[in-house]
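Just below is one structure, and these are the notes that go with it.
In the text below, chain A, chain B and the rest are named by the order of the sequence lines, each starting its count at 1.
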2 protein chains.
Amino acid sequence: MVKKAGREFTIRDVARSAEVAVGTVSRVLNDHPSVTRDVRERVQRAIASLGYERNAVAQSMRSARTHMIACAIRDFDIPGYVSYVKEAERIFRAADYTFLLASTANDKAVELSLLRKFAQRRVDGVMMTISDENDPELIAAVEQAKMPLVLIDREMIQSVDRVAADHRSGARQATDYLLSLGHRRIALFVGDPHAHPSRSRIAGYRDAFRAAGLEPDPSLIRDHSLSNEFTFRETAALMQRPEPPTAVFVAGIDMLAGAMRALKAAGLAIGRDVSVVSGGDSDLAELSTPAITALQWDRAEMGRHAAQMLLDRVTGRTTEPPRCVRVPVSLVVRESCRPPR
Amino acid sequence: MVKKAGREFTIRDVARSAEVAVGTVSRVLNDHPSVTRDVRERVQRAIASLGYERNAVAQSMRSARTHMIACAIRDFDIPGYVSYVKEAERIFRAADYTFLLASTANDKAVELSLLRKFAQRRVDGVMMTISDENDPELIAAVEQAKMPLVLIDREMIQSVDRVAADHRSGARQATDYLLSLGHRRIALFVGDPHAHPSRSRIAGYRDAFRAAGLEPDPSLIRDHSLSNEFTFRETAALMQRPEPPTAVFVAGIDMLAGAMRALKAAGLAIGRDVSVVSGGDSDLAELSTPAITALQWDRAEMGRHAAQMLLDRVTGRTTEPPRCVRVPVSLVVRESCRPPR
DNA sequence: GACCAATTTGGAACCGGTTCATTGACCAAT
DNA sequence: ATTGGTCAATGAACCGGTTCCAAATTGGTC
């Protein structure tokens, strides 16, 4: 790390060195056609010999575009979850946008503060999740954002573009499946019901019961937090009841580990003692013994849609009203569910 | 997403509205002491009523500091790996730096291009991994970076700060353990041996054999790629040999899934038919049946060190020569290893 | 009331690009 | 020889903050 002594070279240094005007250097940098080959080469030689690097800050200043896209997600290290971010990053990189990734811990204060920081940085577009789709402050912040914004896995705020997995259908499929095996006491774990995924999952769960002419035990719906600790504690508590659930549907995308840890500690075998469905697929679900039945959707497609929608807004290709893209969810049946004993 | 019509308000609009000079507004924004309460309040009212947001681009332009830290890592979705990034982000956020996260796919071209983009954006500091510590182009790019830079899990380039887990010791412990159980044909899977982790792991593996007065079978050292597909294929191929290994040490941080998939497909039971040690701990390792013995280190501490070292450089608190912080690695013994049959 | 020092405020220059009106050079047509 | 048109290149203004010197104001002292 060579601590730089003097200031860096500017376009004016290049101009002086190549004996041309600053405007000419700018045109060379931007591949403007009206530069003779001779001059262009002279400028390029000067750039190379000085080791000049264009200053994106100054460029943004004048052009009022930063070519930055900000993305804020709940948490980085949710296995598999980040795949959609990866795909989005790929697309933005290809379109020559710098991708700025931040995590929010699902915390409203962090979300608001990030949104503000993004605005101050004048990023060209934002892709994010928010913790609560009903919070007036969050709604206002999202709606009044000065840059195009795409919400991920959120559905309610109609005035912005959205991409969401069809969690209602997913939860319906999972619950249908468990009901068809004969389960009636099916525990449902979801996060805070204020955001779309949890709300939709609860709806899908209820849909399935209703369609079967049954009524779910409301005390088995545990909607509070997405954290692993929560899932661990709740699983442990539920399984100690006199009439424990015969099946557990851990609907949050990263809840499986918490539930498995609790079941392991309680000495309960998945499949034999209790059936388990995971709301998100992962290596853990696939490679456990027995392998865990899980809900699955095309995460890359989600990222692709989000990135494409955002790019269309940022570049002005689209001025149509905001829309919501829904990604289908399907159930991968493995070995973790059997009829209750 | 309200598409903004006119241009945004500037400090001059605020000045006009509050009937003060632009310099005064700037002073209010930066909490400069020499502003009377009266004027400060008038300016703040104007800011609020206009909905003015400070333009970080213009600010960076003048101050030559962007308050951005860039981070480039191999891949976002390596379970657990990202914990150190999370911790670093937390620290940078607390210090009022914006964190810019990118992935490189362990690809030299991407690494070089990102480093260049970071330079153009004039980020204040960089935290990253590189695919090959011996590549002259990469070395040059890292050494000539105009901003402070910390390498993660790389050791060789002495002219920059580094934070690395002690993979040599980790591999030594894992191999010692397998040797002590009586294994002799121990397959080792690592990534490209040009980067520190793989090189160190191979060294640790050899150390253990040498200390036991044994010679490892070189054909069992599979150093080529970190990808899951590679691990899958190699595991499958090795287990089909006439004399297959009795133990597999998947030393890469995210190789376990690939190996497990191959063993499952081959109908081999971990523990009974083949012993397995994972080079990185994860939910998958902990919750598999049997639970997988794995190497572990404090990832948050790694992130903390990296962030702190970088901040010290960025803020000029440190001008001492670059150093390398080594994070200890330990072996968590679980149930996946038994003496060979 | 005069004077001086300290504090507050004003406003121009500056950061490093982009853009555009203007100039200059060259060629073809009249 | 003059005019018109095209194409290259020039250089000043501009983007929106920060900074710093100068000017204005305040307060205290004699």
Should dA9(D) form a Watson-Crick or G-U wobble pair with both distances under 3.5 Å, which nucleotide is its partner? dT22(C)
Heavy-atom pair of closest approach, residues Ala18(B) and Ala46(B): CB-CB, 3.8 Å
Within the structure shown, what part of the strands sits under 4.0 Å from Arg12(A) by heavy-atom distance: base, sugar-phosphate, or nothing? base
Considering residues at least two apart in sequence or located in another chain, which fulfil the side chain to side chain contact (heavy atoms under 4.5 Å, CB included) criterion with Arg93(A)? Glu89(A), Ser103(B), Val110(B), Leu114(B)
Sequence-aligned protein contact record of nucleotides 19-28 of chain D, with B where the base is within under 4.0 Å of a protein heavy atom and S where only the sugar-phosphate is: BB--------
Kindly indicate whether the side chain of Leu226(B), heavy atoms from C-beta on, has any atom under 4.5 Å from the side chain of Arg74(B). yes
Quick one: salt bridge (charged side-chain N to carboxylate O under 4.0 Å, His left out) pairs with a partner in residues 49-60 of chain A, sequence neighbours left out? Glu53(A)-Arg116(B)
Please identify the 5'-most and 3'-most nucleotides of DNA chain C with any atom under 4.0 angstrom from a heavy atom of chain B. dT8(C) to dG16(C)
Heavy atom of residues 31-53 of chain A under 4.0 Å from DNA chain C: which residues? Tyr52(A)
If dG16(C) has a Watson-Crick or G-U wobble mate with both distances under 3.5 Å, name it; if not, just say none. dC15(D)
By side chain to side chain contact (heavy atoms under 4.5 Å, CB included), which residues pair with Ser227(B), not counting sequence neighbours? Ser225(B), Glu229(B), Phe230(B)
Return the CD1 to NE2 distance between Ile130(A) and His196(A), rounded to the nearest 0.5 Å. 12.0 Å
Can you list every ring pair (Phe, Tyr, Trp, His ring centres under 6.0 Å) pair that touches residues 27-53 of chain A, not counting sequence neighbours? none
Results of salt bridge (Lys or Arg N to Asp or Glu O under 4.0 Å) for Asp75(B) - residues two or more places apart only: Lys86(A)
Near DNA chain D, under 4.0 Å by heavy atom, which residues of residues 13-21 of chain B? none
Is a salt bridge present between Asp161(A) and Arg313(A), judged by a nitrogen-to-oxygen distance below 4.0 Å? yes
Sequence neighbours left out, what pairs pass salt bridge (charged side-chain N to carboxylate O under 4.0 Å, His left out) with at least one residue falling in residues 96-113 of chain A? Asp96(A)-Lys117(B), Lys108(A)-Asp135(A), Lys108(A)-Glu137(A)
ring-ring contact (aromatic ring centres under 6.0 Å, His included) against His305(A), all qualifying residues, sequence neighbours excluded: none
Establish, with yes or no, whether the OP1 or OP2 oxygen of dT18(D) is under 4.0 angstrom from a side-chain nitrogen or oxygen of Arg65(B). no
Write out all pairs satisfying ring pair (Phe, Tyr, Trp, His ring centres under 6.0 Å) with one or both partners inside residues 86-144 of chain B, taking only residues at least two apart or from two chains. His67(B)-Tyr97(B), Phe92(B)-Phe99(B)
